[in-house]
Amino acid sequence: SEAKAGRTDLIFLIRFRHCCLLRNQRCVLAYLYDRLLRIRALRWEYGSVLPNTIQFHMSAEEVEWFNRYKKSLATYMRSVGGEEGLDLTQDIKPPKSLYIEVRCLRDHGEFEIDDGTTILLKKNSQHFLPRWKCEQLIRQGVLEHILS
């Protein structure tokens, strides 16, 4: 109001303050966008269920965004690839072999393979399983890939 009244010496300060506010706004938006990209990457890394240690550090809006992204991705994957859909999160890195040897790190219960075979996943048991069936369990920490 004083600048409008004729104090021209305040115009520089007003412009400077306005530039600072715009810079702070750009910085906050860049930070929020970076967090959004990291949350999106968590869906590809951990699957549809986030560990509690990660979810604890997220705001309610971020958890809500993660859930909406998870549902959107699931809808898209069901629409592609015929009846069963196509799991895009399955092979993040190209596999070297179709079967891998895994060790169970904790009791998980029964696990069914495509041919109908049921395997009991108990702690410290080792199995030779199709990579694509157990990759999600490896990411969740139930199984450990044994490198020979």
Side-chain angles (χ1 to χ4, degrees), residues 3 10-148:
L10 294 178
I11 293 176
F12 173 75
L13 291 174
I14 292 171
R15 284 187 179 169
F16 179 73
R17 180 179 182 273
H18 182 68
C19 288
C20 290
L21 290 174
L22 289 177
R23 180 191 175 279
N24 290 347
Q25 181 183 20
R26 284 193 312 269
C27 290
V28 167
L29 287 175
Y31 170 75
L32 291 175
Y33 183 69
D34 183 60
R35 279 191 66 95
L36 185 77
L37 293 178
R38 289 174 190 247
I39 292 170
R40 186 175 70 182
L42 289 174
R43 168 59 180 96
W44 292 88
E45 184 178 345
Y46 290 102
S48 61
V49 179
L50 286 177
N52 289 334
T53 56
I54 293 175
Q55 200 168 3
F56 176 75
H57 295 288
M58 293 170 59
S59 68
E61 291 81 11
E62 290 172 336
V63 171
E64 179 184 340
W65 188 89
F66 176 81
N67 289 331
R68 285 187 307 191
Y69 179 73
K70 174 178 68 173
K71 288 177 185 175
S72 175
L73 183 62
T75 302
Y76 176 73
M77 288 190 301
R78 275 193 306 273
S79 70
V80 179
E83 292 179 14
E84 297 177 10
L86 178 65
D87 188 6
L88 298 174
T89 62
Q90 183 176 348
D91 290 321
I92 293 176
K93 297 176 186 167
K96 294 184 181 184
S97 63
L98 296 178
Y99 286 84
I100 59 173
E101 190 172 358
V102 292
R103 177 183 299 121
C104 192
L105 299 175
R106 62 179 185 226
D107 290 337
H108 184 69
E110 291 186 348
F111 182 69
E112 186 174 344
I113 303 177
D114 284 344
D115 63 359
T117 307
T118 304
I119 299 170
L120 183 62
L121 297 177
K122 293 184 110 180
K123 187 174 181 176
N124 294 326
S125 62
Q126 293 185 3
H127 306 281
F128 196 65
L129 300 173
R131 173 183 291 273
W132 69 275
K133 283 297 274 185
C134 59
E135 192 170 72
Q136 189 74 24
L137 293 174
I138 291 172
R139 278 191 239 133
Q140 291 175 0
V142 175
L143 297 176
E144 174 187 36
H145 182 193
I146 299 173
L147 302 171
S148 39

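This structure is a prediction, so every number in the text was calculated from the model and none was measured.
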Please tabulate, for the side chains in residues 21-33, all donor-acceptor contacts under 3.5 angstrom to protein atoms that are two or more places apart in sequence or on a different chain.
none

Just list the side-chain donor-acceptor pairs under 3.5 Å for residues 54-63, sequence neighbours left out, or say none.
unit_1	atom_1	unit_2	atom_2	d
S59	OG	E62	N	3.3
E62	OE1	R35	NH2	2.9
E62	OE1	S59	N	2.9
E62	OE2	R35	NE	2.6
E62	OE2	R35	NH2	3.2

Measure the spacing between CD1 of I100 and NZ of K133 and express it to the nearest 0.5 Å.
-> 13.0 Å

Nearest 0.5 Å, what's the NE2-CG distance between H127 and L120?
-> 7.0 Å

Close side-chain approach of D107 and K123, heavy atoms under 4.5 Å | yes

Mind checking the CD-CG spacing from E144 to L147? Nearest 0.5 Å is all I need.
-> 8.5 Å

What's the shortest heavy-atom distance between C134 and L143, and which atoms?
-> CB-CD1, 3.5 Å

How about L137 and L121: do any of their side-chain heavy atoms sit closer than 4.5 Å?
-> yes

Nearest 0.5 Å, what's the OG-CZ distance between S48 and R43?
-> 5.5 Å

Any ring pair (Phe, Tyr, Trp, His ring centres under 6.0 Å) involving residues 99-123? Give me the pairs, sequence neighbours left out, ordered by first then second residue.
-> Y99-F128

How would you list all residue pairs meeting ring pair (Phe, Tyr, Trp, His ring centres under 6.0 Å) that involve residues 65-84, not counting sequence neighbours?
-> W65-Y69

Sub-3.5 Å donor-acceptor pair from the side chain of S72 to the main-chain atoms of R68, do we have one?
-> no

In Å and rounded to the nearest 0.5 Å, what is the CG to NE2 distance from L13 to H18?
-> 14.5 Å

Give a yes or no on whether E112 atom CD has more than 12 heavy-atom contacts from other residues, nucleotides or ligands under 6.0 Å away.
-> yes

List the steps, then state whether side-chain contact (heavy atoms from CB on, under 4.5 Å) holds for L98 with R131.
-> CA-CA 6 Å; L98 296 178; R131 173 183 291 273; 5.9 Å; no

For K122, the salt bridge (Lys or Arg N to Asp or Glu O under 4.0 Å) test, sequence neighbours excluded, returns none

How would you list, by chain and number, every residue that makes a salt bridge (Lys or Arg N to Asp or Glu O under 4.0 Å) with R17, sequence neighbours excluded?
-> none

Distance, nearest 0.5 Å, that separates CD of E110 from OG1 of T117 | 12.0 Å

